[in-house]
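Below is one structure, written out as structure tokens, with a few remarks after it.
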Amino acid sequence: MSLSTRSDSLHLVLGDEELLVERAVASVVGAVRASAGPTGEDIPVSRLRAGDASAPELAELLSPSLFAEDRVIVLEAAAEAGKDAVTLVQDAAADLPEGVVLIVLHSGAGRAKAMAGVLQKSGAIVHQCAKLKPSERVDFVRGEFRAAGVRVGAEVLEAVVEAVGSDLRELAAACSQLVADTGGKIDAAAVQRYYSGRAEVSGFDVADKAVVGDSRGALEALRWAMHRGVAHVLLADALADAVHTIARVGSAGRGDPFRMASELGMPPWKIKKAQAQVRGWDPASIGEALQVVAKLNADVKGQAADADYALEVAVQKVANLYGGR
């Protein structure tokens with residue numbers, strides 16, 4: 001089915017909870033590509049910050065193409081768009097060019113606050129992505145487990161939220177890890193075993209310090225995390241994720257994180273952070289760091305006699321590789 005015949009070509013992603021926003025965009029793009037059949041993966045996705053774009057840039061992006069090629073346009077930061085940009089987006093949304101699916105990301109506030117209401121009146125499908133209230137995080141965790149085909153009791157849900165904290169990304173990762181590590185047989189004891197102290201110090205804290213060469217800070221955070229009972233595998237996974245992210249972003253070169261997001265399959269904030277971190281790395285040091293985290297993965301899963309020591313050595317090595325040291 002051509003995108004021009006779809007009744008769901010206009011989408012409003014409303015709110016500023018990053019994880020929910022990313023999932024909403026991915027869901028729409030996935031549905032569009034699936035509906036296009038075998039050639040769906042070739043449908044291009046263009047991302048542009050509406051708040052930073054000039055009127056000519058937006059006009060070109062939203063104009064009909066000569067051959068009405070199918071394409072998806074994601075407009076970021078629409079709430080910060082200027083008057084001319086707002087007019088262009090609203091006019092285009094009211095009569096989208098053939099072959100276009102438009103996804104507008106709007107915080108619900110900002111100087112272009114009224115745009116959200118105008119897009120809804122134009123028939124936009126709304127994806128609610130507002131930040132969750134504390135009372136809603138338990139429901140979020142319940143949904144994550146259900147999506148994985150696992151049902152857990154209220155005590156488990158409360159234990160996860162209490163141990164992991166309020167960040168939805170970390171809550172989602174915790175649910176996924178628990179399902180994988182327990183085979184879906186999750187009780188409060190399992191949560192305590194894997195995530196005790198997680199809210200105070202996480203593997204991401206350790207990894208962020210290690211990949212910018214802060215050896216002392218990384219080791220201090222690591223020892224505190226281990227003292228609080230954070231699982232070895234979580235600490236190793238966080239360090240590996242940080243190194244792999246730097247490798248991917250480094251090989252992609254400099255560029256607008258919002259434009260690179262689709263190509264790399266990462267959220268813009270993560271790309272932007274890695275771009276700052278990668279300045280202290282070169283291909284040789286990244287290659288060595290990749291070997292370090294690959295060995296650590298095996299070590300924490302049983303090959304090392306002392307997983308604590310293996311983690312300390314790996315964190316120290318990664319930190320020392322920063323800046324070509």
Can you check side-chain contact (heavy atoms from CB on, under 4.5 Å) on Thr245 and Val249, steps first, answer last?
CA-CA 6 Å; Thr245 297; Val249 171; 4.2 Å; yes
Under the side-chain contact (heavy atoms from CB on, under 4.5 Å) rule, what do Lys131 and Glu17 come out as? Steps first, then yes or no, please.
CA-CA 5 Å; Lys131 289 191 179 297; Glu17 180 58 71; 3.7 Å; yes
Could you walk me through whether Gln316 and Ser215 satisfy the side chain to side chain donor-acceptor pair (under 3.5 Å) test, starting with their C-alpha distance in whole Å, then the side-chain angles of each, then the deciding distance to 0.1 Å, before giving a yes or no?
CA-CA 6 Å; Gln316 182 77 67; Ser215 176; 2.5 Å; yes
Using the rule given for side-chain contact (heavy atoms from CB on, under 4.5 Å), can you reason through Arg223 versus Glu312, listing the C-alpha separation, both sets of side-chain angles and the distance that settles it, and then say yes or no?
CA-CA 8 Å; Arg223 287 162 186 158; Glu312 290 195 8; 3.3 Å; yes
side-chain contact (heavy atoms from CB on, under 4.5 Å) between Trp224 and Val230, worked out
CA-CA 9 Å; Trp224 179 246; Val230 180; over 6 Å; no
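Dense packing is recorded around CZ of Arg169, with more than 12 heavy atoms of other residues, nucleotides or ligands lying under 6.0 Å away. In this structure, Lys121 places its NZ atom where only 12 or fewer heavy-atom neighbours from other residues, nucleotides or ligands lie under 6.0 Å away. Atom CZ of Arg216 has 12 or fewer heavy atoms from other residues, nucleotides or ligands within 6.0 Å.
Put simply, the side chain of His127 reaches to within 4.5 Å of the side chain of Val28, judged on heavy atoms. Between His11 and Val126, every side-chain heavy-atom pair lies at or beyond the 4.5 Å cut-off. Looking at Leu234 and Gln177, their side chains come closer than 4.5 Å, going by heavy atoms from C-beta outward. Side-chain contact between Val211 and Val318 is present, with at least one heavy-atom pair separated by less than 4.5 Å. With contacts defined as side-chain heavy-atom distances shorter than 4.5 Å, the pair Phe145/Val156 qualifies. Inter-residue side-chain proximity for Leu105 and Val74 is flagged as met; some heavy-atom pair is nearer than 4.5 Å. Residues Pro44 and Val72 are not in side-chain contact: their nearest non-hydrogen atoms beyond the backbone lie 4.5 Å or more apart. Side chains of Leu235 and Leu239 form no contact here, defined as non-hydrogen atoms less than 4.5 Å apart.
Residues Glu22 and Trp269 have side chains that bring a donor and an acceptor to within less than 3.5 angstrom of each other. Using a 3.5 Å distance cut-off with no hydrogens or angles, the side chains of Asp42 and Thr39 do not pair a donor with an acceptor. Using a 3.5 Å distance cut-off with no hydrogens or angles, the side chains of His232 and Asp299 do not pair a donor with an acceptor.
The two residues Pro268 and Pro257 come nearest to each other via the heavy atoms O-CB, 3.6 Å. Heavy atoms only, all atoms of each residue included: Ile186 and Thr182 are closest at CG1-OG1, 3.1 Å. Considering all non-hydrogen atoms of both residues, Ala310 and Leu296 come closest at O-CD1, 3.7 Å. Contact between Ala116 and Leu14 at its shortest, heavy atoms only, is CB-CD1, 4.0 Å. Contact detail for Ala289 and Trp281: the closest heavy-atom pair is CB-CZ3, 3.8 Å. Leu311 and Met226 get closest at one heavy-atom pair: CD1-SD, 4.0 Å.
Salt-bridge check for Lys209 with Glu220: failed, with every basic side-chain N at 4.0 Å or more from each acidic carboxylate O. Of the charged side-chain nitrogens involved, at least one lies within less than 4.0 Å of a carboxylate oxygen, so that Glu144 and Arg23 count as a salt-bridged pair. Remark: Lys273 engages Asp208 in a salt bridge, criterion side-chain N to carboxylate O under 4.0 Å. With salt bridges taken as basic N to acidic carboxylate O contacts below 4.0 Å, none links Asp167 and Arg137.
Remark: the backbone N or O of Ala109 is paired with a side-chain donor or acceptor of Ser107 at under 3.5 angstrom. The main-chain N or O of Ile43 is found under 3.5 Å from a side-chain atom of Arg33 such that the two form a donor-acceptor pair. Listed for the Arg111 side chain is a donor-acceptor partner under 3.5 Å among the backbone atoms of Glu80. Proximity of a side-chain donor or acceptor of Arg248 to a complementary backbone N or O of Val243 within less than 3.5 Å is not detected. His106 places a side-chain N or O within donor-acceptor distance of the main-chain N or O of Ala112, the cut-off being under 3.5 Å. In this structure a side-chain-to-backbone donor-acceptor pair under 3.5 Å is missing from Ser176 to Ala173.
Rounding to the nearest 0.5 angstrom, the gap separating the CZ atom in Arg254 from the CZ atom in Arg279 is 5.0 Å. Of the inter-residue distances, the one linking Gln120 atom CD with Leu10 atom CG reads 10.0 Å to the nearest 0.5 angstrom. The OG atom of Ser27 sits 12.0 Å away from atom CG of Leu20, with the distance rounded to the nearest 0.5 Å. With values rounded to the nearest 0.5 angstrom, Leu75 atom CG is found 9.5 Å from Ser46 atom OG. Here the straight-line distance linking atom CG of Asn297 with atom CG of Asp237 works out to 6.5 Å at 0.5 Å rounding. One distance of note links CZ of Phe140 with CG of Leu171; it measures 6.5 Å at 0.5 Å rounding.
Cluster membership for Val118 and Ile125, using ILVMFWY side-chain heavy atoms within less than 4.5 angstrom, is not shared. Residues Leu19 and Val138 share a hydrophobic cluster, clusters being chains of Ile/Leu/Val/Met/Phe/Trp/Tyr side chains in contact below 4.5 Å. Leu132 and Val141 fall within the same hydrophobic cluster, defined by Ile, Leu, Val, Met, Phe, Trp and Tyr side-chain heavy atoms under 4.5 Å apart, directly or through other members. A continuous path of Ile, Leu, Val, Met, Phe, Trp and Tyr side chains, each step under 4.5 Å between heavy atoms, connects Leu157 with Val150, placing both in one hydrophobic cluster. Note on Val292 and Leu290: same hydrophobic cluster, where clusters join Ile, Leu, Val, Met, Phe, Trp and Tyr whose side-chain heavy atoms are under 4.5 Å apart, directly or indirectly.
Both tests pass for Arg49 against the ring of Phe258: distance under 6.0 Å to the centre and angle within 45° of the axis.
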Name the atoms and distances for all side-chain donor-acceptor pairs under 3.5 Å in residues 85-95, with sequence neighbours left out.
residue	atom	partner	partner atom	Å
Thr87	OG1	Lys83	O	3.1

